[in-house]
Amino acid sequence: MTSIRVRIAPSPTGPLHLGTARTALFNFLFARHLGGTFIFRLEDTDQARSSVEFEKDILNGLHWLGIQWDEGPGIGDEPPGGRGSYGPYRQMQRLERYTEAATRLLAEDKAYYCYCTPEELDAERKRQEAARETPRYSGRCSALSQADRAAFEVEGRTPVVRFRIPSNRTIAFDDIVRGHVEIDTNALGGDLVIVRSDGTPLYHFTVAVDDAAMAISHVIRGEDHLSNTPKHILLFEAMGAAIPKFAHLPLILNPDRTKMSKRKSQTAVAAYRAQGFIPEAFVNYLALLGWSTGTEEEVLSLADLIERFELSAVNKAGAIFDRGRLEWLNGQWIRRLSADDLIDRLRPFLEAELAAGRIDWIPADEDMRALLPVVQERLPTLAAVGELVRFLFVNELALDPTLIVPKRWDIATTIAGLEAARSVIAGVGEVSWEADEIEPPLRQLVEERGWKAGELFMVVRVAVTGRTATPPLFDTMVALGYERTLARLDRAIEQLQAVAAT
RNA sequence: GCCGCAUUCGUCUAGAGGCCCAGGACACAGCCCUCUCAAGGCUGAGAUCAUCGGUUCGAAUCCGAUAUGCGGUACCA
C-alpha cells in the first residue's frame, strides 16, 4: 500500500473560513488516524486577491485549532519554502513547475495556444446561451497553423494555454464518501484554460500539478469540487501521474440551506475565537458536522476524534451550521477546564472589558480563582465573563433604583427591607465575612418579618449588583467585600429614598 | 439551460432488509433542585424516514421515476 499523503490547500484570499477549517480538520484526522502525512499548501496564484494578512490568519487559525501539519509553511522561523521535502509549499514559488508542465503538455499536443480574446469568448458564450446550447469553448484555436498563430501575434494578441478535453468520454471514479460517480466529458465546457495570457497558471492546473508532484494519495475536499474532478483526472492522466483517491465532503450551509457564505453567516474562524469559543469545542463541533462516530458520544477531544475518525462514515448531505449547538459544546468544554487554564484563557477577555471601559480594573488571578466555582458553570463562552462579573470590578455601580422594588412590594417596604438587611449584614462583621456566615442571620430576619426569602434576597441582590440575574448572592457579596457591600446598600437606600420623595 | 450530488424530528445526527409505528444530542415545554441566573437530573412534545411506483414474506434501508434543494458549468479558488 502506498503511503497516505493528504493536503489542505487554502488560498489566502480571505480570513480562515469555517469550511476550510473543517476540510483541514478532516484531512488532519484522516492522516493522523492512519499514520499518514498531512501537508499544507498555499494556493496564492490569485495575486490580485491574496494577501499576507490572510495568510497569517489562516496559519494562526489552524494552529489555534490544534491542527498541525507535517509539511508546509510555518509561522515563525521556518525555512522560507517551508518544511518538508516536496516544497516549496507556496504556489507562487512553484511557478517554474507549472510552466514546465504546460510546456510538456504543449509539446505532446495535449494542450495548445488559444488566441481568443475574453470579448470573443464572451460573445460566443452569449450566443450559445441564447441558442439554448450548453456553453462550451468551440475549439476554434485547437488546430491553428504556424501562419495563423503568427498573424495573431502580429495583432498583438497574447495567448492562453488550453488543455484538450476529449469529447464523448465518461470519466468515472469511486468517491470515498459518495460512491461511484460518472461524468461525461462533453459536460466539461470544452478545452480548459490552464495558463492565463500573462503566463500565470490557473487553479485546476496547479492543483493537479502539485497533487501529482507532492504524491498526494487522497484528495479530501468540499463537495463544490465534485463536478471539477473529471478535469483533474484528465490532467493527471495527461501528465502520466497516478490518480489519487477522492473524497468529497458535504458543504456547511447557511440557515437557508445555501452554501455557507460571509453574506449570510459568520464564517471567519477568528471571529468565533474573539467571541470566546475555545478550540476544544470548535474542533469537536466541526468534526461532528457531517460526520459522527456512530455511537452516542458527543463530547470528544482531538485525540478522541483522531482515534475514531472514519472517512467512509462521513455524511453525504450538507449541514446547516448551528451556533446554539456550538455554544452548548463550548459550555461543556469550559466546564472541563482546570482553574489555572480557565483563568489564563479568561484574561484576554477581561482585558477587552477594561479596554472597552466596562470595568475599572482587572481582577487579580487569586480573585478570579475564588470566583471560578460560581462562574465556570455559567459561561457559555469566555466572552460571557464580562456580563457575568462586571459589577464586581467597577467603582461606581450604575443602578436603576426602580429595579430594586419587587412586584409585590412597595417602595417603603423595600427601603425597610434594605435597611434591616444592611444592619444584619453589618452585624456579620468583616472577620466572619463568608457566605455561610451571611446567609443564616438574613434568613432569620426574613423569618422575623414574615417576608419571603426570595424577595428580600432579590432586593439585596439588585441593590448590590444592579442586576436581577447573578451568581449566588452570598458568594457574590463575599467577592464584593464587606465594605463595598455595605456602601452599595447605603447608596441603594439613598437612591430609593430620593425616588420615594418625589 | 446542461451536468452532478443530495433528501430521517426546527437543527446536528443514529440507522447499512426484520431488533424501528425510528434512537441520541441541541433548541423548546414541564417538573425536581434552588436566593436569581446557570449547571445538573427527570419527563414531554416533536419525523406519514421528500413523493409515487417496484423488488421482497417483510423496506428508512434495494431498484426506478418524479419533486425539491444545493453545487458545478470563469483567463476565481
Listed nucleotide nearest any side-chain atom of [X], set [options]:
| X | options | answer |
| --- | --- | --- |
| A/Val181 | B/U13, B/C5, B/A77 | B/C5 |
| A/Glu43 | B/C37, B/C75, B/A77 | B/A77 |
| A/Ile320 | B/C76, B/G4, B/C12 | B/C12 |
| A/Arg378 | B/U36, B/U13, B/A74 | B/U36 |
| A/Arg196 | B/U36, B/A77, B/C35 | B/A77 |
| A/Glu223 | B/A14, B/G4, B/A77 | B/G4 |

For nucleotides 24-30 of chain B, 5' to 3', base contacts (B), sugar-phosphate-only contacts (S) and non-contacts (-) with protein non-hydrogen atoms under 4.0 Å give BBS----
Using the [atom1] atom as the reference point in each nucleotide, state the distance between [N] and [M] in Å, no decimals.
| N | M | atom1 | value |
| --- | --- | --- | --- |
| B/C33 | B/G40 | C1' | 9 Å |
| B/A45 | B/G24 | P | 12 Å |
| B/G10 | B/C3 | P | 33 Å |

Report yes if a side-chain nitrogen or oxygen of [X] is closer than 4.0 Å to either non-bridging phosphate oxygen (OP1 or OP2) of [N]; otherwise report no.
| X | N | value |
| --- | --- | --- |
| A/Arg22 | B/C12 | no |
| A/Ser292 | B/A14 | yes |
| A/Arg443 | B/U34 | no |
| A/Lys231 | B/U73 | no |
| A/Thr134 | B/U73 | no |
| A/Asn228 | B/A74 | no |
| A/Arg257 | B/A6 | no |

Across all strands shown, which nucleotide pairs with [N] by Watson-Crick or G-U wobble geometry, both distances under 3.5 Å?
| N | value |
| --- | --- |
| B/U7 | B/A67 |
| B/U48 | none |
| B/U73 | B/G1 |
| B/G58 | none |

For [X], report the nucleic acid contact type (base, sugar-phosphate, nothing); a contact means any heavy atom under 4.0 Å.
| X | answer |
| --- | --- |
| A/Gly222 | nothing |
| A/Val193 | sugar-phosphate |
| A/Arg178 | sugar-phosphate |

Answer yes or no: is there an ion pair linking A/Glu280 with A/Arg336, defined by an N-O contact shorter than 4.0 Å?
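A/Arg336 and A/Glu280: not salt-bridged.
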Take a 6.0 Å sphere around CD of A/Glu155 and say whether it holds more than 12 heavy atoms from other residues, nucleotides or ligands.
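Yes, CD of A/Glu155 has more than 12 neighbouring heavy atoms, counting only those of other groups under 6.0 Å.
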Of A/Phe321, A/Tyr272, A/Phe277, which meets ring-ring contact (aromatic ring centres under 6.0 Å, His included) against A/Tyr285?
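Running ring-ring contact (aromatic ring centres under 6.0 Å, His included) over A/Phe321, A/Tyr272, A/Phe277 with A/Tyr285 returns exactly one hit, A/Phe321.
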I would like to know whether A/Phe26 and A/His218 meet ring pair (Phe, Tyr, Trp, His ring centres under 6.0 Å); could you show each step before the answer?
CA-CA 12 Å; A/Phe26 279 35; A/His218 298 254; over 10 Å; no
Less than 3.5 Å between a donor and an acceptor, one on the side chain of A/Ser197 and one on the base of B/C75, is that the case here?
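Result: at least one qualifying N/O pair found.
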